[in-house]
Engineer: 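Submitted below is the structure of interest, expressed as C-alpha cells.
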Amino acid sequence: MKTKPSTLVLALSLALTTLTGCSMTDDSSDEVPFAGTSTSSHAADAMEKVSSSIYDLIGVKGKASDSQPGVMDCSDKDTKTYFRIFHPWSFYPASASDLDIAMERLKTELPKHGWKIVAYGPDTSKNKNINLVADNDKKKSSVKIIKMAKDDPPMLSLTVVSGCYKVPDGQEVERF
C-alpha cells in the first residue's frame, strides 16, 4: 500500500485532536466517558471489532488498510492505570466513484447502528475534505471519517477512539 506518511500523520493528529474531547455523553461537557475496566490488549480487540462493524456498513467493494490499534493517555488521569485505544485505518474503494457512495452510506447507516453524528462537513484544507464525526454511547467510542477524494488513490481515512479504560487492580497499562 502506498500512503503518504504526512497524510497519515495529519489525519491521525486531526482525528485525535477532535476525538479527545468527543461528546459521547448525554450532557454537553467534553468529558471522555468511562469505558470500563480492561487490559490494553482486550480493549484493543474491542476497538478492532468496532472498526470491523463500521467497515461492514461501508457497503461498497474495496480494501481496508491493515493497521493495528494503539494506546494513548486519558487526559488528567494516572497514565499507569488509565488509557484509551485508538485505531486508525483507511478504506480504498475498488472504484473512485464509489467513494461518495461509501461516505453517504456511512452517514445514513451509522445512526441506525447506535452512532450519533456530531459533526459533518468540509474541513478547512485546500481540498475541502468531507469530515464525519460520530459517537456511540453504548460502545463508549467515537469515529472520525475523512473523505479524501483528491488523494491518489481516493480513500476514507478512519480513526476509532475509545472512552477511558482503567486497568484491573495490580496491573499497569501496556503500551503499543
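Note that this is a predicted model, so its numbers are computed, not measured. The figures here come from the full heavy-atom set of this structure, side chains too, leaving out hydrogens, waters and symmetry mates.
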Engineer: For a quick test of reading the model, state the closest non-hydrogen atom pair linking Lys150 to Asn127 and the distance between them.
Structural biologist: CD-OD1, 3.6 Å

Engineer: CD/Glu31 to CG/Asp76 distance, rounded to the nearest 0.5 angstrom?
Structural biologist: 9.5 Å

Engineer: Can you tell me how far apart NZ (Lys140) and OG (Ser162) are? Round to the nearest 0.5 Å.
Structural biologist: 11.5 Å

Engineer: Following the transitive rule for hydrophobic clusters with a side-chain heavy-atom cut-off under 4.5 Å over Ile, Leu, Val, Met, Phe, Trp and Tyr, establish whether Tyr82 and Phe176 coincide in one cluster.
Structural biologist: no

Engineer: Flag yes if Val60 and Leu99 sit in one hydrophobic cluster, no otherwise; membership is Ile, Leu, Val, Met, Phe, Trp, Tyr, and two members link when side-chain heavy atoms are under 4.5 Å apart.
Structural biologist: yes

Engineer: With a 4.5 Å limit on heavy-atom distance, are the side chains of Tyr55 and Phe91 in contact?
Structural biologist: yes

Engineer: So, for Pro111 and Thr108, which heavy atoms are closest and what is the spacing to 0.1 Å?
Structural biologist: CD-O, 3.4 Å

Engineer: Between Leu110 and Ile54, is the side-chain contact (heavy atoms from CB on, under 4.5 Å) condition met? List the steps.
Structural biologist: CA-CA 8 Å; Leu110 284 168; Ile54 293 170; 4.2 Å; yes

Engineer: Compare every heavy atom of Arg84 with every heavy atom of Gly163, then report the nearest pair and how far apart it is.
Structural biologist: O-CG, 3.4 Å

Engineer: Contact between Arg175 and Asp73 at the side-chain level, heavy atoms closer than 4.5 Å - yes or no?
Structural biologist: yes

Engineer: Would Asn131 and Ile145 satisfy side-chain contact (heavy atoms from CB on, under 4.5 Å), going step by step from the backbone distance to the final call?
Structural biologist: CA-CA 6 Å; Asn131 288 245; Ile145 305 166; over 6 Å; no

Engineer: Sequence neighbours left out, what passes side-chain contact (heavy atoms from CB on, under 4.5 Å) with Asp100? Give chain and number order.
Structural biologist: Lys147

Engineer: Rounded to the nearest 0.5 Å, how far apart are OG of Ser157 and CG of Asp151?
Structural biologist: 9.0 Å

Engineer: Would you tell me whether Asn136 and Lys116 have side-chain atoms, one donor and one acceptor, within less than 3.5 Å of each other?
Structural biologist: no

Engineer: So, for Val71 and Phe83, which heavy atoms are closest and what is the spacing to 0.1 Å?
Structural biologist: CG1-CB, 3.8 Å

Engineer: Could you check Arg105 against Asp98 for salt bridge (charged side-chain N to carboxylate O under 4.0 Å, His left out), going step by step and ending with a plain yes or no?
Structural biologist: CA-CA 10 Å; Arg105 276 193 51 84; Asp98 286 343; over 6 Å; no

Engineer: Can you see which heavy atom on Thr81 is nearest to which on Gln171, and at what distance?
Structural biologist: CG2-O, 4.4 Å

Engineer: Table please: side-chain donor-acceptor pairs of residues 33-41 below 3.5 Å, with sequence neighbours left out.
Structural biologist:
from, atom 1, to, atom 2, distance (Å)
Ser38, OG, Ala43, N, 3.3
Thr39, OG1, His42, N, 3.1
Thr39, OG1, His42, ND1, 2.9
Ser40, OG, Glu174, N, 3.1
Ser40, OG, Glu174, O, 3.1
Ser41, OG, Glu174, OE1, 3.3
Ser41, OG, Glu174, OE2, 3.4

Engineer: Quick one: pull up CH2 in Trp115 and OG in Ser142 and give me the separation to the nearest 0.5 Å.
Structural biologist: 6.5 Å

Engineer: Would you call Glu48 and Pro69 a side-chain contact if the rule is heavy atoms closer than 4.5 Å?
Structural biologist: yes

Engineer: Testing Thr159, Val133, Val161, Val160 for side chain to side chain contact (heavy atoms under 4.5 Å, CB included) with Val143, which one passes?
Structural biologist: Val160

Engineer: To the closest 0.5 Å, what do you measure between CG (Leu156) and OG (Ser90)?
Structural biologist: 8.5 Å

Engineer: Which residues satisfy the salt bridge (charged side-chain N to carboxylate O under 4.0 Å, His left out) test with Asp78, sequence neighbours excluded?
Structural biologist: none

Engineer: Under 4.0 Å between a side-chain nitrogen and a carboxylate oxygen: does that hold for Asp135 and Lys138?
Structural biologist: no

Engineer: Compare all side-chain heavy atoms of Val173 with those of Thr79 and state whether any distance is below 4.5 angstrom.
Structural biologist: no

Engineer: What's the verdict on side-chain contact (heavy atoms from CB on, under 4.5 Å) for Ile130 and Met103, showing C-alpha distance, side-chain angles and the deciding distance?
Structural biologist: CA-CA 9 Å; Ile130 300 298; Met103 190 69 159; 3.8 Å; yes

Engineer: Output, in order, the C-alpha distance, side-chain angles, deciding distance and verdict of side-chain contact (heavy atoms from CB on, under 4.5 Å) for His113 and Ser53.
Structural biologist: CA-CA 9 Å; His113 292 86; Ser53 69; over 6 Å; no

Engineer: May I ask you to test the Met148-Pro154 pair for a side-chain heavy-atom distance under 4.5 Å?
Structural biologist: no

Engineer: Any donor-acceptor pair under 3.5 Å linking the side-chain atoms of Asp123 with those of Ser125?
Structural biologist: yes

Engineer: Trp89 pairs by side chain to side chain donor-acceptor pair (under 3.5 Å) with which of Ser67, Ser65, Ser51?
Structural biologist: Ser51

Engineer: Quick one: pull up CE in Met72 and CZ in Phe86 and give me the separation to the nearest 0.5 Å.
Structural biologist: 7.5 Å

